[in-house]
Amino acid sequence: MSRERYIKVMDFIRSCKYGVNIIYITGKAITYLTAVIYLLTITLLVYREDMRFIRVIAVPAVSFIVLSVLRAKYNAVRPYEKYNFKPLIPKDTHGKSFPSRHVFSIFVCAGAAGYIYPQSGILIYIMGVLLAVIRVVSGVHFPKDVIAGALAGILCSIAGFTDL
């Protein structure tokens, strides 16, 4: 997206009475709700002595570490850095924009939860799409960042949770 497009979208959100608050609270709520669903999934597996809990923990953890290392090496600038504007959500990180780790995390957690409870996975995937939109319209990521994060999360889930 161009600087003008970001500014236009963010100005529209700022012009709505509670626009910025809605964006901020919705993003936080999605993140926390995903964490709760993911942790409940693990808790239920442990409680039931279902050894799949190891896989449900290991796949996202290993994937997150690998993605974080690659992201740090690539160290892409963020929209608010490149275009010099204040994002809608508080953020002062420099670089490390590609791929979006928030979006990656929610998509890999969707795959993990969905491996055990498909309905939970679908819910988290839907929330992941919404979170991706929020990360872009708030000015902290480019569309390519969130698309790459989502695809990486999906691919890691497929690799980690497909039974051969």
Side-chain angles (χ1 to χ4, degrees), residues 13 16 18-76 78-79 87-93 95-164:
I13 293 168
C16 297
Y18 299 107
V20 174
N21 287 337
I22 291 168
I23 291 292
Y24 180 77
I25 291 168
T26 303
K28 288 290 185 189
I30 287 169
T31 301
Y32 292 133
L33 183 56
T34 298
V36 167
I37 293 169
Y38 176 65
L39 293 172
L40 281 173
T41 301
I42 293 168
T43 302
L44 286 170
L45 290 172
V46 169
Y47 177 76
R48 294 178 180 156
E49 299 179 5
D50 185 331
M51 295 309 290
R52 293 180 297 172
F53 85 89
I54 296 169
R55 197 174 190 180
V56 169
I57 294 171
V59 170
V62 170
S63 300
F64 184 85
I65 291 167
V66 170
L67 183 100
S68 295
V69 169
L70 295 174
R71 184 173 105 137
K73 287 192 182 292
Y74 189 69
N75 199 27
R78 293 175 178 274
L88 293 181
I89 56 178
K91 193 81 172 162
D92 60 3
T93 304
K96 301 178 190 164
S97 182
F98 180 87
S100 168
R101 203 164 49 187
H102 270 86
V103 174
F104 166 79
S105 297
I106 200 168
F107 274 80
V108 79
C109 285
Y115 173 62
I116 306 300
Y117 303 109
Q119 299 87 350
S120 295
I122 291 167
L123 173 63
I124 298 172
Y125 278 125
I126 292 167
M127 292 190 305
V129 171
L130 182 56
L131 183 67
V133 170
I134 288 170
R135 302 296 289 177
V136 172
V137 301
S138 61
V140 298
H141 282 294
F142 291 103
K144 67 177 178 151
D145 301 337
V146 298
I147 292 168
L151 289 175
I154 291 167
L155 292 174
C156 288
S157 294
I158 290 169
F161 298 112
T162 300
D163 293 321
L164 302 175

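Atom set for the values below is all heavy atoms of this structure, side chains included, hydrogens, waters and symmetry mates excluded. Position 1 is the first residue of the sequence, and the numbers go up from there. Keep in mind that this is a model prediction, so the values were computed, not measured.
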| request: Among residues two or more places apart or on two chains, list those pairs meeting salt bridge (charged side-chain N to carboxylate O under 4.0 Å, His left out) that have a residue in residues 44-54. | output: D50-R52
I need the [X] [atom1] to [Y] [atom2] distance, nearest 0.5 Å.
X	Y	atom1	atom2	answer
I134	I25	CD1	CD1	11.0 Å
N75	F98	CG	CZ	13.0 Å
Y117	L45	OH	CG	5.5 Å
L33	K28	CG	NZ	14.5 Å
K144	S97	NZ	OG	7.5 Å
F104	L155	CZ	CG	10.0 Å

Does any non-hydrogen side-chain atom of [Y] lie less than 4.5 Å from one of [X]?
X	Y	value
K91	H141	no
Q119	L123	no
Y115	D163	yes
Y38	V56	yes
Y125	I154	yes

Determine the minimum heavy-atom distance between [X] and [Y], stating which atoms define it.
X	Y	result
C156	V59	O-CG1, 3.8 Å
G111	S157	CA-OG, 3.4 Å
G27	T31	O-OG1, 2.9 Å
V146	V103	O-CG1, 3.4 Å
I124	C109	CD1-O, 4.3 Å
L88	V137	CD1-O, 3.6 Å

| Is a side-chain donor-acceptor pair under 3.5 Å present for R78 with T93? |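 The criterion, which ignores hydrogens and geometry beyond distance, is not satisfied for R78 and T93.
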| Within the side chain of R55, is there an N or O that forms a donor-acceptor pair under 3.5 Å with the backbone of G160? |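 A pair under 3.5 Å: yes.
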| Does Y24 use its side chain to pair, donor to acceptor, with the backbone of P90 at less than 3.5 Å? |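 Side chain of Y24 to backbone of P90: no pair is present.
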| request: Could you list the residues that satisfy side-chain contact (heavy atoms from CB on, under 4.5 Å) with P99, not counting sequence neighbours? | output: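 side-chain contact (heavy atoms from CB on, under 4.5 Å) list for P99, sorted by chain: L67, R71, A148.
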